[in-house]
Structure formats: C-alpha cells, structure tokens
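Worksheet for the structure shown next.
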Amino acid sequence: MTAATATDQPARDYARLLMAIVTAIVVARLVVTVFTPLDLFYDEAQYWFWSQDLALGYFSKPPLIAWLIAGSTALCGDSEACIRAPAAIVHGVTSLLVFAVGRALYDARTGFYAGLAYCLGMAVSVSSLLISTDVPLLLCWVAGLWAFARFLEAPSIALALAFGACIAVGLNAKYAMIYFPLCALAYLIATADRRHLLRAPALWLGIGVGMLGFVPNLIWNVQNDFITFTHTGENIAGSGAEAGFQIDPVSFLEYAGSQFFIASPILFVVFGLVVFARWRSDAPHWDRFLLFMSLPILALLGLQAFQSQANPNWAATAFPALILVTSATLLARGRFVWIRRNLILCGAVAALIGVAALSALLVRPDNPVIARTNLEDMFGWAEHAEVLDEQLDALQVDTIVTAGRRYSAGFAYYLRHRPERFVAFLAPGRSPRSHFEFIQPWSAPEAGETAVIMLPSDNGLVEGAERVGVVAANAGTAPFRSDTYLYRVEGPDE
C-alpha cells in the first residue's frame, strides 16, 4: 500500500460510513412520508398546484420548487408522499456535500461529524418530512461552498463556472441565494491575503454566470408586473399598517430563540463562542471563511426581525457553515464529548419527530403545542374535501370559488379530481394576495352556476350568494375550527 493510499483510506472509510448512515436516515424519513396521517400543509399544496403549470416564476417564489415537484410526481403520482419525497432525498445529498466541504477545508473526520450533524439537525429533521423552497436552496448553497472554497485555493474557470452554476440554480430556488455572492465578496474584501482574488477575471465570470441564471425569472417578473419582487418586498418590509420602520423587540427575541434550535442548542452556543473568540484577522482562514458565510446572514435577519419580522427559516443558509465551523472547532480543541452530546440530542429529537408524524394520537391538532404552530394546518383537509365532494356532486355547478390562499391551496389539491373550473375570489379593486388570485381571479357572478366555499367570517363577500351546504367543524379537524359554508351563486342569463 502506498503512502497516498494509506492517507486516503480513512477519508474513504468516513465517506462510506456517512453514506450508509445517511441512506438509512433517508429511507426512514421516506417511510414516514408514506405512512404519516398529516395532510399537505397549504404551502405544499400551493407548490403542487404550481407544478401543474410549469413556468419561469410564480407569485411568491422562483420556479425551482415547482419543477422539483413536477419531476417527483411524474415518477410516482400526485400523492402526498410523492410530493414530499424530494425533501428527504435532497437533504440526504446535502448532508454528503457537507461532508465534502468539511473534508476539503479540514479533514474527513470533521466532514463526517458535520455531515451527520446537518442530517440530524432539528430543522432538517422537520424539513425532510415537508416540501419547501429551502430544500433545493440548501443543496445549491452547500455545493456552492465546496466550489468556492476550492476556487479560493486554486482559482480556475472551471471552478468559477461551478460556483456560478450553484448561484444560478439557487436563485431559482429562493432569492436568499443572493446572500452567497454578497458574503463571499465581503470575505474577500475583509481578508488581506485573499483580496487579490477580487482582481481575478474568473471570480467575476462565476458571479456573472450566477446572475445570468436569474435572467429567465427576471424576464417572467417583467412580464408579470414584478409580482414576485413586490410580494417579497412586502414580506420583508411589511404592508398596510405594518409597513415602514418600527421597533419590535418581541419579534427579535422570537427570531433569536428560533435560531437557537434550528441547528441545535449545543452548536448554536458553540457558534457564539467561536464568533467571540475567532472574529479576528488572524483566525484560521477556513474558520474565518465559514464565519463570513454564516454570521452576516444571521445578523442581517436579526436586524430585520428587530425592525418588523423575520421567519425562522429565512436564515437557513447560515447553518451549513455554522455546523462546519463549530464541528471543526470542537474536534480541534478535543471537545468530542460535545459532538457526541449534540448527535445524541438531535438523534433523539429526529426520532421523536418521526414517531410523532406517524402517530395521529401524538399529533392531534388540539394538542396545546401543535395548536400554537402552523402544524395544525396539516389536519382535516381530506375529511373536509370528502364531505364537500358529495355536496358539490349534488349542486352540479360550472365553477368552484374559494376565498383566501389557504382554502385555495388546500382545496385545489384535495378537490383536484373535480371537473369544474377552479378560481379564487378577489374583491373588486384589491390587489392579488396569492398566486390563485393572480392567475384566476373571480369577483362577480358569471354565466352558469357557481359554488363558493368560504368560512362564516367571509359571509357577505359575494352578493346574492345562497347558502346551500355546510361542513360542520367536527366533520374534520383543525384548521377548521368553525363550519365551512358552501354557497350557490347564479350568474346572469346569457
């Protein structure tokens, strides 16, 4: 055995072991997605709806999530499990890429424990059972970390094109990918021995390729009145009474608390210590690089939360680098006991999440913990749709109208087999607030008969509507705490 072969053997052993563990975890999560009683969350149902009409953009997000779902459902159908299956698989691949980054920056042992920490991370354990835009975003982000880190060591056109492609695809997953080139440039500007790369044409070629990949979605937005940009801006700055500058310390505390648990409490505390000890010009250069690829994102979103609001997952791209630098620090300082404790904690939480998702008893919507989260919106859709289906059969209408994004998304999926035209109520003079209202608005009776599905609180939205049916709240579960009303509206004579 040559010296090179002997050196490579531990890396291969770590890679094989991680692949075996990650494969087992992914298979277990796929089993959970098949047998869970949880209905689609209405965001998931909305993404499925998008996948039925592939485009270069949608009302609230870039198009990659729709393309991903279209691919999975083309292979195995439109069931909830097939829609969600890419989440577990893609997160598994991302875990292996975290290993590749850790091995390239430190060693195979660091890569192994960082990859395992990512795979068992609390947020990833939840995200692997749902389909969301963060799933492909994090894959692109970690692939970009690997390519850019290699570029820092040996700049080349091939590596520039590689990290540029990651940026391009990531921007079509979620606009948060823009943090990648911004953080990378900040690192180069602030790091004296890397600053010369700012003059490298290959660097700007890579960034240019990344921006070029965003052009199709930009064109779609130009053609559609910049609707995604407008919606994203309202999410960040607020709208209506919430718009404008304000100070909201409660929102900041909620954001900070949520970040504490996204990776794990242990790693987040260690990260804070790393920031305190190593945010210096003489810090180990890979530690410094990873801090620049994580801390600015957490800080920026923290400021956003203090000003108005920031959803917990908005800073998701900070966590691959966070996990890598904390794993490297603990191993370098001989603190393996905290690596082990973190994996035990995260593994236990991951198992609990899987068991809970499989058990209707543990995830009852009237559980006080569930009732405080959006998870309550994953119950009752199928039961309600079954009752509505029977009533709609009796009505024999031409069009079905829903009021509000939640109803539009949920029933677009759970009533997908129905032949009627499906539209969304949009009050005259009001701007669309969802993709449904944007592409298929309905505000007044048309020729023929129409069924309108709405909550009692929406009563009176449609003039001349006659109530002809009701689905009692106890016919399903949350999010239907009140009855669902079914109305008939007769359009004008042709």
Do the side-chain N and O atoms of R84 and S128 include a donor-acceptor pair separated by under 3.5 angstrom?
-> no
Distance in Å, L331 CG paired with I339 CD1, rounded so as to fall on 0.5 Å steps = 4.5 Å
Could you tell me whether a side-chain N or O of W50 sits under 3.5 Å from a main-chain N or O of G57, the two making a donor and an acceptor?
-> no
Min side-chain heavy-atom separation I353-V126 under 4.5 Å = yes
Counting distance only, does the side-chain N/O of Y179 pair as donor-acceptor with the main-chain N or O of A315 below 3.5 Å?
-> no
Hey, mind stepping through C166 and F148 against side chain to side chain contact (heavy atoms under 4.5 Å, CB included) and telling me if it holds?
-> CA-CA 10 Å; C166 293; F148 191 75; over 6 Å; no
Which pair of heavy atoms, one from A114 and one from I323, lies closest together, and at what distance?
-> O-CG2, 3.5 Å
Intermediate values then yes/no, side chain to side chain contact (heavy atoms under 4.5 Å, CB included), F180 and I297 | CA-CA 9 Å; F180 191 100; I297 301 169; over 6 Å; no
Does the ring center of F49 lie less than 6.0 Å from the ring center of F436?
-> yes
Above 12 or not: heavy atoms from other molecules or residues under 6.0 Å from CE of M211?
-> yes
Student check: side-chain heavy atoms of L152 and W286 closer than 4.5 Å = yes
Quick one: closest heavy-atom pair of I83 and D78, and the distance?
-> CD1-O, 3.7 Å
Which value, rounded to the nearest 0.5 Å, describes the distance between L358 atom CG and T33 atom OG1?
-> 9.5 Å
In terms of the angle between their ring planes, are W220 and Y58 parallel, tilted or perpendicular, with boundaries placed at 30° and 60°?
-> tilted
Tell me yes or no: between the side chains of H435 and S60, is some donor less than 3.5 Å from an acceptor?
-> no
What pairs with W48 under ring-ring contact (aromatic ring centres under 6.0 Å, His included), at least two apart in sequence or on another chain?
-> Y413
C76 and C82: sulfurs closer than 2.5 Å?
-> yes
How would you list all residue pairs meeting ring pair (Phe, Tyr, Trp, His ring centres under 6.0 Å) that involve residues 322-359, not counting sequence neighbours?
-> Y113-F336
Heavy atoms, side chains only, cut-off 4.5 Å: are L137 and M177 in contact?
-> yes
Throw together a table of side-chain donor-acceptor distances under 3.5 angstrom for residues 97-106, partners on residues two or more places apart or in other chains.
unit_1, atom_1, unit_2, atom_2, d
Y106, OH, D287, N, 3.3
Y106, OH, D287, OD1, 2.5

Close aromatic pair by centroid cut-off 6.0 Å: F411 and W381 | yes
Can you find a heavy atom in the side chain of S132 that is under 4.5 Å from one in the side chain of I65?
-> no
Is the count of non-hydrogen atoms from other residues, nucleotides or ligands lying under 6.0 Å from R150 atom CZ greater than 12?
-> no
Does the side chain of R433 reach to within under 4.5 Å of the side chain of F438, using non-hydrogen atoms?
-> no
Can you find a heavy atom in the side chain of L130 that is under 4.5 Å from one in the side chain of M378?
-> yes
Check: residues 260-270 side-chain donor-acceptor pairs under 3.5 Å, at least two apart:
unit_1, atom_1, unit_2, atom_2, d
S264, OG, I266, N, 3.4
S264, OG, L267, N, 3.1
S264, OG, N342, OD1, 2.4

In terms of heavy-atom contacts, L129 and A357 come closest through CD1-CB, 4.0 Å
Euclidean distance, N172 CG relative to I167 CD1, rounded to 0.5 Å = 12.5 Å
Decide side chain to side chain contact (heavy atoms under 4.5 Å, CB included) for W141 and T94; before the verdict, give the C-alpha distance in whole Å, the side-chain angles of both, and the deciding distance to 0.1 Å.
-> CA-CA 9 Å; W141 186 275; T94 305; over 6 Å; no
Please name the pair of heavy atoms, one in A318 and one in L298, separated by the smallest distance, quoted to 0.1 Å.
-> CB-CG, 3.8 Å
For R109, does its backbone N or O pair with a side-chain atom of D107 as donor and acceptor, under 3.5 Å?
-> yes
First locate atom CG of D193, then atom OG1 of T191, and finally report the distance between them rounded to the nearest 0.5 Å.
-> 6.5 Å
Under 3.5 Å: donor-acceptor pair, side chain of S359, backbone of V355 = no
Would you sort out whether Y175 and N217 count as a side-chain hydrogen bond (donor to acceptor under 3.5 Å, both in side chains), showing the intermediate values?
-> CA-CA 11 Å; Y175 294 152; N217 182 250; 2.6 Å; yes
Answer yes or no: is there a side-chain heavy-atom contact under 4.5 Å between K174 and D134?
-> yes
Worked check of side chain to side chain contact (heavy atoms under 4.5 Å, CB included) between F319 and N313 = CA-CA 10 Å; F319 285 92; N313 67 313; over 6 Å; no
Kindly give the heavy-atom pair with the smallest separation between P62 and A173, and that separation in Å.
-> CD-O, 3.9 Å
Find out whether L291 and Y187 are in side-chain contact, i.e. whether some heavy atom of one side chain is under 4.5 Å from a heavy atom of the other.
-> no
Compile the donor-acceptor pairs under 3.5 Å between side chains in residues 153-164 and protein atoms, sequence neighbours left out, one pair per line.
unit_1, atom_1, unit_2, atom_2, d
E153, OE2, R194, NH1, 3.4
E153, OE2, R194, NH2, 3.2
S156, OG, L159, N, 3.2

Looking at R29 and A88, what are the two nearest heavy atoms and their distance?
-> CB-CB, 3.9 Å
Side-chain donor/acceptor of E44 to backbone N/O of I131, under 3.5 Å | yes
Distance, nearest 0.5 Å, that separates CG of L197 from CG of L203 = 7.0 Å
Check ion pair D43-R405 (N to O, under 4.0 angstrom) | yes
Who are the side-chain contact (heavy atoms from CB on, under 4.5 Å) partners of A299, not counting sequence neighbours?
-> none
Could you go step by step and tell me if S127 and H91 meet the side-chain hydrogen bond (donor to acceptor under 3.5 Å, both in side chains) rule?
-> CA-CA 8 Å; S127 179; H91 274 310; 2.9 Å; yes
When rounded to the nearest 0.5 Å, the distance separating CG of L352 from CE of M122 is 10.5 Å
